[in-house]
Amino acid sequence: MPDLQLLCLSNPLLDIQAVGNEELLQKYGLKANAAILAEEQHMGLYDDLIQNYHAEVIAGGGSNIARGAQYMLPPNSVFFIGCISNDKYGRLLKKSCEKAGVRTEFRIDENVPTGRCGVVITGHNRSLCTSLAAANEYKVEHLKDPDVWKLVQDTKIYYVEGYHLTVCVPAVLALAEEAVTTDKVFIFNFSAPFIPQVYGSPLAIVLEYADYIIGNETEAMAWAESQSQSTKSIAEIARLLIRLPKKNKKRYRIVIITQGEAPTISAVAKSGGEIEITEHPVRKVPSDLIKDTNGAGDAWAGGFCAGLVQGKTLYECIDMGHWLAQLGIQELGAAYPYPRRTF
Ligand code: ADP
Ligand code: MG
Ligand code: MG
């Protein structure tokens with residue numbers, strides 16, 4: 001198998017994760033269970049977590065899917081693009097991706113720090129506070145640099161995180177156009193409910209390019225609401241997504257929506273306009289073994305993409321996602337167990 005099978009365009013972030021307490025949440029005005037973008041008053045959180053709460057610093061953000069897919073593939077199969085700074089966190093992120101076998105091609109922006117996500121754990125709750133910083137500085141010029149673009153052209157499957165719509169739409173569209181022109185697989189993940197809620201215009205354009213649209217149930221419902229569709233049925237929403245206009249006429253669209261421990265729903269367009277809806281049970285994990293369901297969707301997407309790279313059937317790909325997700329939720333943070341397990 002040739003190198004570089006899967007390209008991930010997503011935000012390179014480090015998770016700075018610690019068990020906190022009510023006092024820490026109050027100090028920074030954080031809710032116990034929420035995900036927000038950091039503002040000025042949160043900037044002290046990261047050093048506070050490290051100095052006073054024994055925080056672990058681990059690769060997070062878009063590296064979760066890249067490391068996840070790579071976990072199930074031969075070394076150097078996955079290629080991760082984004083923007084970091086020339087600082088210790090940037091170096092750490094690059095190193096942990098490389099240790100996982102992921103090839104990185106990062107734009108370096110010296111003016112801002114590498115992006116960080118503060119994770120404050122209190123009991124079963126997680127408060128996430130993300131400072132995109134350098135991750136927000138990705139530029140299409142980096143992607144179009146001849147050395148990088150050559151690698152892009154050499155890669156078989158493109159995966160774009162919805163979060164990137166807040167960063168650099170021209171880069172997303174450059175990949176999308178390349179995928180249509182050369183008939184490559186283009187996968188798009190909604191990433192979060194605020195993407196359909198706030199970034200509806202670029203989202204509508206990018207969805208036309210998507211051969212695979214993936215997301216979880218709350219994202220699917222947020223998209224339906226953004227289209228003034230009152231249905232709460234995931235199968236119905238998947239049908240609506242399938243019927244959106246499609247650029248690449250050579251491939252039928254596939255929509256896959258995960259729902260935590262409930263079955264994953266797939267919708268497959270067939271010739272003649274028929275749409276096939278299937279439920280796929282997840283691999284159950286006893287609740288006392290679940291450490292952290294944060295990043296479950298990223299782990300699922302990683303396993304799923306690894307399946308596509310290997311040319312597996314759709315059902316096998318979905319099950320590979322479930323397999324990696326059940327391993328991931330038994331680890332703290334978006335981590336995968338070592339020594340490496342095999343599917
Ligand atoms: P997200 O992290 O985007 O919200 P989901 O919560 O839908 O994604 O989880 C993705 C996948 O992770 C599920 O399809 C399932 O395989 C696995 N998963 C998540 N939560 C659980 C759980 N409580 N028990 C077993 N598997 C789970
Ligand atoms: Mg979920
Ligand atoms: Mg998710």
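Counting starts at 1 for both ligands and their atoms, following the listed order. What's counted below: heavy atoms across the whole structure, side chains too, no hydrogens, waters or symmetry copies.
A donor atom on one side chain and an acceptor atom on the other are found under 3.5 Å apart for N86 and R91. Between the side chains of H322 and T264, a donor-acceptor pair is found at a separation under 3.5 Å.
Shown here is E23, whose CD atom has no more than 12 heavy atoms of other residues, nucleotides or ligands within 6.0 Å.
Sorted by first then second residue, the salt bridge (charged side-chain N to carboxylate O under 4.0 Å, His left out) pairs that include residues 316-333, not counting sequence neighbours, are R283-D319.
Under the 30°/60° scheme for interplanar angles, the aromatic rings of Y212 and F304 are found to stand perpendicular.
Contact check for L4 versus S77: no side-chain heavy atoms found under the 4.5 Å cut-off.
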What are the distances between nitrogen or oxygen atoms of ligand 1 and protein nitrogen or oxygen atoms, counting only those under 3.5 Å?
{"residue": "ligand 1", "atom": "2 (O)", "partner": "G297", "partner atom": "N", "Å": "2.8"}
{"residue": "ligand 1", "atom": "3 (O)", "partner": "N216", "partner atom": "ND2", "Å": "3.2"}
{"residue": "ligand 1", "atom": "4 (O)", "partner": "N216", "partner atom": "ND2", "Å": "2.9"}
{"residue": "ligand 1", "atom": "7 (O)", "partner": "T258", "partner atom": "OG1", "Å": "2.7"}
{"residue": "ligand 1", "atom": "7 (O)", "partner": "Q259", "partner atom": "N", "Å": "3.4"}
{"residue": "ligand 1", "atom": "7 (O)", "partner": "G260", "partner atom": "N", "Å": "2.8"}
{"residue": "ligand 1", "atom": "8 (O)", "partner": "G297", "partner atom": "N", "Å": "3.4"}

